[in-house]
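See below for the structure under consideration.
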Amino acid sequence: AEGATIYYTMDGSDPTDHTNGAVMSGNTLTLNGEEGGQLTIKAYAMAEDKSQSEVATYTYQFSQNAGGVTASIESGSLVSNGTKVNLMSDVSDAEIYYTTNGSSPIENGRKGTIVEINGTPGGSFTVKAVAVANNTPGTVATFIYKIKERPTEPTASPSGGTLTVATRVSLSSSAENIYYTTDGTEPTKSSALYSEPILINRTTILKAIAVSEDGEVSEVSTFVYTAAEKAATVESTEED
């Protein structure tokens, strides 16, 4: 009410107790507390020529996460390119803004909850996110991910060329498994698994990928083998 003074406590104690040193007055206050903790405000109003109001109680629960944002994949995890991270908030009616270029999400953030990791294999990928409720941003949370190295692409011996006889081609890689095709199509983890040298007896486009134990896939290697043309049929001539 106009002209009224509000007295309150932020520790749950009685604001009407005149001996209570925790009593404050005003109509604006900042909520601070431990992550996951609670804060109880008790308040009443006093106005001239009026009796004091009833005591009102307001309880707030603080987010369990720094900045009010958490991620479905823990910061510091080793992930593959293409991995999707789900950003979540337990702050009431909050919207999440994030960046992936190291800048502040408060100033430059994109609104959303799904972030796809896409960076240099062996490098890191940083997500900064903030929960915004009632046009007020929380503390910026930072999540850093290490991107898995890709295995080196397979090598072949021989690595292509013109063949005059049927040849067995050996594939090798530092990765645990190699998958290949001999019809020119792109190999996948469902293609033939290399286990022994491959017989090449005609013009063939051999393609192969290496797959590490943790599922990382290399670039595709391509080897082209061309069957040599047959020599002309032998002819004989008769001389008198």
Side-chain angles (χ1 to χ4, degrees), residues 65 69-88 96 98-102 110 112-129 141-234:
N65 312 295
V69 179
T70 187
S72 58
I73 300 176
E74 184 178 357
S75 180
S77 297
L78 185 64
V79 299
S80 302
N81 261 329
T83 298
K84 289 183 172 60
V85 178
N86 185 24
L87 301 176
M88 300 164 286
I96 296 175
Y98 69 90
T99 61
T100 58
N101 60 3
R110 171 191 296 180
T113 58
I114 303 296
V115 182
E116 182 173 341
I117 294 176
N118 194 350
T120 303
S124 61
F125 188 88
T126 300
V127 179
K128 291 189 175 183
T142 301
F143 309 96
I144 300 175
Y145 301 100
K146 180 70 179 293
I147 301 175
K148 294 179 181 178
E149 295 273 8
R150 296 184 74 175
T152 57
E153 57 194 71
T155 59
S157 179
S159 59
T162 301
L163 305 178
T164 57
V165 295
T167 301
R168 290 191 179 275
V169 175
S170 298
L171 298 177
S172 61
S173 172
S174 59
E176 287 72 16
N177 295 308
I178 298 174
Y179 297 88
Y180 69 92
T181 61
T182 55
D183 59 0
T185 58
E186 296 298 296
T188 67
K189 295 177 185 178
S190 299
S191 300
L193 175 64
Y194 176 78
S195 59
E196 60 182 9
I198 304 161
L199 178 64
I200 304 294
N201 56 11
R202 62 182 185 276
T203 296
T204 301
I205 298 176
L206 171 63
K207 293 189 174 186
I209 55 172
V211 180
S212 63
E213 188 175 3
D214 58 5
E216 291 301 294
V217 180
S218 73
E219 298 286 347
V220 177
S221 294
T222 301
F223 312 99
V224 179
Y225 302 90
T226 304
E229 295 183 2
K230 291 183 178 180
T233 302
V234 176

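Of the options Y145, F143, F125, a side chain to side chain contact (heavy atoms under 4.5 Å, CB included) to V115 is made by F125 and by none of the others.
At least one side-chain heavy atom of S212 sits under 4.5 Å from a side-chain heavy atom of E176. Taking 4.5 Å as the limit, every side-chain heavy atom of S75 sits out of range of all side-chain heavy atoms of T142. Looking at V85 and I114, their side chains never come closer than 4.5 Å, going by heavy atoms from C-beta outward. Using a 4.5 Å cut-off on side-chain heavy atoms (C-beta onward), P151 and V211 make no contact. Two residues are said to be in side-chain contact when any heavy atoms from C-beta on lie closer than 4.5 Å; T152 and S173 meet this criterion. Using a 4.5 Å heavy-atom threshold, the side chains of L163 and T204 count as separate. Side-chain atoms of I205 and T222, non-hydrogen and from C-beta on, do get closer than 4.5 Å to each other.
A donor-acceptor pair under 3.5 Å is formed between the side chain of T167 and the backbone N or O of V165.
For E149, there are no salt bridge (charged side-chain N to carboxylate O under 4.0 Å, His left out) partners two or more places apart in sequence or in a different chain. Partners of E116 according to the salt bridge (charged side-chain N to carboxylate O under 4.0 Å, His left out) rule, which considers only residues two or more places apart in sequence or in another chain, are K84. When the salt bridge (charged side-chain N to carboxylate O under 4.0 Å, His left out) test is applied to E186, the partners found at least two apart in sequence or on another chain are K207. Taking T162 as the reference, nothing meets the side-chain hydrogen bond (donor to acceptor under 3.5 Å, both in side chains) condition, with sequence neighbours excluded. Listed by chain and number, the residues in a side chain to side chain contact (heavy atoms under 4.5 Å, CB included) with N201 are A166, L199 (sequence neighbours excluded). Annotation: side chain to side chain contact (heavy atoms under 4.5 Å, CB included) contacts of S221 (sequence neighbours excluded): E153, P154, F223.
In this model, no donor atom of one side chain and acceptor atom of the other lie less than 3.5 Å apart for S157 and S170.
Between K128 and G102, the shortest heavy-atom distance links the atoms NZ-O, 3.2 Å. Between P187 and V220, the shortest heavy-atom distance links the atoms CD-CG1, 4.0 Å. Heavy-atom minimum distance, I200 versus Y225: CG2-CB, 3.9 Å.
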